[in-house]
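Okay, structure first, notes after.
Starting from 1, each residue takes its place in the sequence as its number. All of these numbers come straight from a predicted model, not from anything done at the bench.
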Amino acid sequence: MSGAHPTKSSRPGLSAGALVVAGLLLAAIGAVGAWLQHDAPGRSAQPRTELTASNPPAGLPTALTTGQHLRWSRCTSPPTARTGYDCATMKAPLDYRKPDGRTIDVALIRRKATGPNARRIGSLVLNFGGPGVSGVSGLPDRLKQYEPLLDRYDLVSFDPRGVGATIPVRCGKTADDTGYADACAEHSGAILPFIGTSHTARDLDLMRYLLGDERLHYFGVSYGTALGAVYAHLYPSHVGRLVLEAPVDPTEDLSEQQVSQVKAVQTAFDRFAAHCAARIRHCPTGDGPEEAERRMARLADRLKKKPAPAGAGRNLDADDLAHAVGDHLVRGTDGWEPLAKALTALIDDNDGRPLSKGADDTGSADRAATPRDNSRVARTAITCADSNLRPGFERLDRDEVRVKAASPVFGEAWSAGVYLCYDWPFDGERATLQVNAEGAAPVLVVGGTGDPTTPYPGARHMARALGDGVGVLLTAEEEGHGTYPQNRCVTKAVDTYLRTGRTPAAGTVCRGSMS
């Protein structure tokens with residue numbers, strides 16, 4: 001879950017982040033020549049040796065394994081990937097139970113390793129969360145976070161099933177909340193049963209083989225930890241160096257996750273309110289968490305009656321208020337000062353622009369429209385493909401009450417999420433993730449104690465559920481959703497593991513903003 005609060009339209013929101021234009025135009029013939037010879041300026045002049053693997057996924061036709069070769073070429077989109085990146089498509093079965101049937105194209109992107117061939121470990125496959133986040137767009141946007149690993153790895157990402165350029169889910173631009181599930185079935189019914197996490201995990205193993213790696217090296221964040229853990233469960237003997245950061249809780253079903261998460265974001269807000277009262281002059285939330293709850297309640301009531309202008313013809317209402325505050329908390333302490341300033345602008349000047357900037361659902365004007373990158377609908381479809389919860393109205397009413405009661409500031413806005421899959425037209429796979437990976441190589445699980453999106457207990461549960469000798473827990477005493485590479489101790493431990501295979505000692509705790 002890259003940003004795990006629900007949107008106002010009964011579906012979780014998504015913190016995908018704005019794309020950063022990173023391409024530099026090559027202005028001279030000599031520079032163009034360097035690009036053609038070495039793939040990008042500054043890379044090694046040593047001829048590249050491609051790796052090969054000897055263990056193709058079992059049960060697939062040879063046309064998809066030994067007969068398939070990834071044809072990498074310069075990316076044409078997104079614009080941020082036009083310099084320094086290669087793109088390719090991978091053929092995979094739509095339905096792995098019918099491997100000789102219809103195939104799909106999985107979109108891949110790669111940044112080649114810069115170190116010498118002799119030191120290259122292979123490919124590090126990255127998933128940035130969601131579900132619903134495009135890896136093809138995400139890798140250029142997030143390259144700086146992982147760039148130090150380019151000395152040992154090709155960095156590879158992809159659009160998972162249902163997302164971006166890989167059989168994207170479409171639900172129609174006119175789908176409203178009441179007819180949303182039917183619209184998705186009408187536009188995408190042929191693919192909806194085949195976009196869940198277990199199907200994408202099988203794509204990962206085919207990808208591993210075609211990239212030339214005997215074992216999968218992988219870094220998954222938030223929802224990406226679910227994908228990595230399911231892969232480890234399905235292919236324990238193919239596990240290489242897996243990092244699962246900000247893990248989802250494999251022991252909780254979708255309803256339990258919603259309650260746990262709204263409690264976590266409320267607790268994070270309380271810590272912000274305490275800091276604001278102690279450190280920020282003219283703190284907009286008052287003298288501590290209790291006063292902050294009262295002020296937020298008054299503000300929400302005001303926005304219910306009259307939403308605040310949020311720029312570009314949008315308005316910010318009470319639900320948007322909760323979502324936008326949650327997005328700031330995801331950033332950890334880096335988001336606290338901007339949050340205080342944005343709340344002050346909203347309270348004093350009725351200006352919703354600072355708060356809504358960067359939020360997932362920044363107003364009610366276009367809430368029924370399908371975003372161009374389909375992230376919202378893909379998130380819903382993948383979540384409902386994974387979860388078999390299809391509660392009746394009596395259960396829904398109870399769940400809604402539970403979520404509201406769990407948080408005075410966020411509960412009402414988050415409670416819409418209980419309706420996420422109740423009328424979804426296809427069955428989900430199971431209540432909770434299957435992640436036991438007995439016999440796999442050690443998997444590094446990184447959890448932050450102040451995470452407002454994937455609460456820290458989930459990290460402990462994930463490490464335990466992977467199995468004895470498999471899950472290795474690294475704890476970071478940090479605010480925010482994700483700690484790599486912000487926390488130096490975490491970064492050192494993760495990089496050492498990815499470069500050498502050595503995990504930190506059991507019980508290692510990295511000090512940080514909460515220490």
Side-chain angles (χ1 to χ4, degrees), residues 1 4-7 9-12 14 94-98 129-132 160-163 167 169 171 177 180-186 188-204 220 222-234 247-262 376-403 414-437 454-455 458 461-462 465-466:
M1 292 178 264
H5 53 67
T7 68
S9 49
S10 303
R11 287 166 291 278
L14 179 76
L94 173 67
D95 183 355
Y96 277 87
R97 294 168 300 183
K98 300 176 181 178
R161 291 173 175 236
V163 179
I167 54 169
V169 174
C171 297
D177 293 349
Y180 187 80
D182 291 340
C184 293
E186 176 186 353
S188 301
I191 64 172
L192 291 180
F194 307 108
I195 62 170
T197 299
S198 65
H199 298 277
T200 301
R202 290 177 170 86
D203 291 341
L204 273 180
S222 197
Y223 162 77
T225 66
L227 177 58
V230 169
Y231 178 89
H233 171 73
L234 293 174
V248 301
D249 193 330
T251 69
E252 292 184 334
D253 64 26
L254 185 59
S255 175
E256 293 165 337
Q257 287 176 357
Q258 289 166 341
V259 174
S260 294
Q261 194 212 36
V262 77
R376 191 191 80 175
V377 295
R379 183 185 185 92
T380 301
I382 295 168
T383 300
C384 296
D386 287 350
S387 173
N388 66 6
L389 289 185
R390 300 293 184 268
F393 283 108
E394 184 176 346
R395 166 72 182 271
L396 286 169
D397 289 343
R398 292 198 305 269
D399 287 348
E400 185 175 12
V401 169
R402 288 176 64 215
V403 174
W414 259 245
S415 66
V418 305
Y419 298 97
L420 183 66
C421 302
Y422 85 97
D423 62 346
W424 197 249
F426 298 95
D427 292 336
E429 195 162 318
R430 57 179 55 87
T432 58
L433 293 173
Q434 289 184 319
V435 301
N436 179 271
T454 49
H461 297 160
M462 175 66 83
L466 286 166

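A donor-acceptor pair shorter than 3.5 Å cannot be found between the side chains of Y180 and D423. For the residue pair D249 / H461, a side-chain donor-acceptor distance below 3.5 Å is found, with atom types taken as modelled. T200 and Y231 form no side-chain donor-acceptor contact under 3.5 Å, judged by distance and modelled atom types alone. W414 and Q261 form a side-chain donor-acceptor contact under 3.5 Å, judged by distance and modelled atom types alone.
From L204, atom CG reaches atom NE2 of H199 across 13.5 Å, with rounding to the nearest 0.5 Å. A distance of 6.5 Å separates SG in C184 from CG in L192, rounded to the nearest 0.5 Å. In this structure, the separation between CG on D182 and CH2 on W424 is 10.0 Å, given to the nearest 0.5 Å.
Between L433 and A226 the shortest heavy-atom distance is CD1-CB, 3.6 Å. Closest approach of G458 to P250, counting heavy atoms only: O-CD, 4.1 Å. Taking every heavy atom of both residues into account, T225 and G220 meet most closely at CG2-O, 3.4 Å. Here the closest heavy-atom approach between residue A378 and residue G162 is recorded as CB-O, 3.3 Å. Taking both residues in full, the closest heavy atoms of A381 and V169 are given as CB-CG2, 4.0 Å, listed atom of the first, atom of the second, then distance. The minimum heavy-atom distance linking P391 with L396 is given by the pair CG-CD2, 3.5 Å.
No side-chain heavy atom of C421 sits under 4.5 Å from any side-chain heavy atom of L389. Residues Y422 and R390 are not in side-chain contact: their nearest non-hydrogen atoms beyond the backbone lie 4.5 Å or more apart. Within the 4.5 Å cutoff, the side chain of V163 has heavy atoms near those of the I382 side chain. Counting heavy atoms from C-beta on, the side chains of T383 and Y223 never come closer than 4.5 Å. Side-chain contact between R202 and L234 is present, with at least one heavy-atom pair separated by less than 4.5 Å.
Distance alone, capped at 3.5 Å, places no donor-acceptor pair between the T197 side chain and the L227 backbone. H233 places no side-chain N or O within 3.5 Å of a backbone atom of A437 that could act as its donor or acceptor partner. The backbone N or O of A431 lies less than 3.5 Å from no partner atom in the side chain of D253, so there is not a single donor-acceptor pair. A donor-acceptor pair is defined here as one N or O able to donate and one able to accept, closer than 3.5 Å; no such pair exists between the side chain of R402 and the backbone of S255. In this structure, the side chain of R379 engages the main chain of G130 through a donor-acceptor pair within 3.5 Å.
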Can V418 and D397 be said to form a side-chain contact (heavy atoms from CB on, under 4.5 Å), step by step?
-> CA-CA 9 Å; V418 305; D397 289 343; over 6 Å; no
Please step through side-chain contact (heavy atoms from CB on, under 4.5 Å) for the pair Q257 and L254, ending with a clear verdict.
-> CA-CA 5 Å; Q257 287 176 357; L254 185 59; 4.1 Å; yes
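For T432, there are no side-chain hydrogen bond (donor to acceptor under 3.5 Å, both in side chains) partners at least two apart in sequence or on another chain. Qualifying side-chain hydrogen bond (donor to acceptor under 3.5 Å, both in side chains) partners for E256, counting only residues two or more places apart in sequence or in other chains: none. For R395, the salt bridge (Lys or Arg N to Asp or Glu O under 4.0 Å) test picks out D399, with sequence neighbours left out. Taking the side-chain hydrogen bond (donor to acceptor under 3.5 Å, both in side chains) definition, one finds that S387 meets it with nothing, sequence neighbours left out. With sequence neighbours excluded, no residue forms a salt bridge (Lys or Arg N to Asp or Glu O under 4.0 Å) with R430. Partners of A229 under the side-chain contact (heavy atoms from CB on, under 4.5 Å) rule, at least two apart in sequence or in another chain, are L244, V435, M462, L466. For D95, the side-chain contact (heavy atoms from CB on, under 4.5 Å) partners at least two apart in sequence or on another chain are R97, K98, F194. With sequence neighbours left out, E429 forms a salt bridge (Lys or Arg N to Asp or Glu O under 4.0 Å) with no residue at all. Remark: D427 engages no residue in a side-chain hydrogen bond (donor to acceptor under 3.5 Å, both in side chains) (not counting sequence neighbours).
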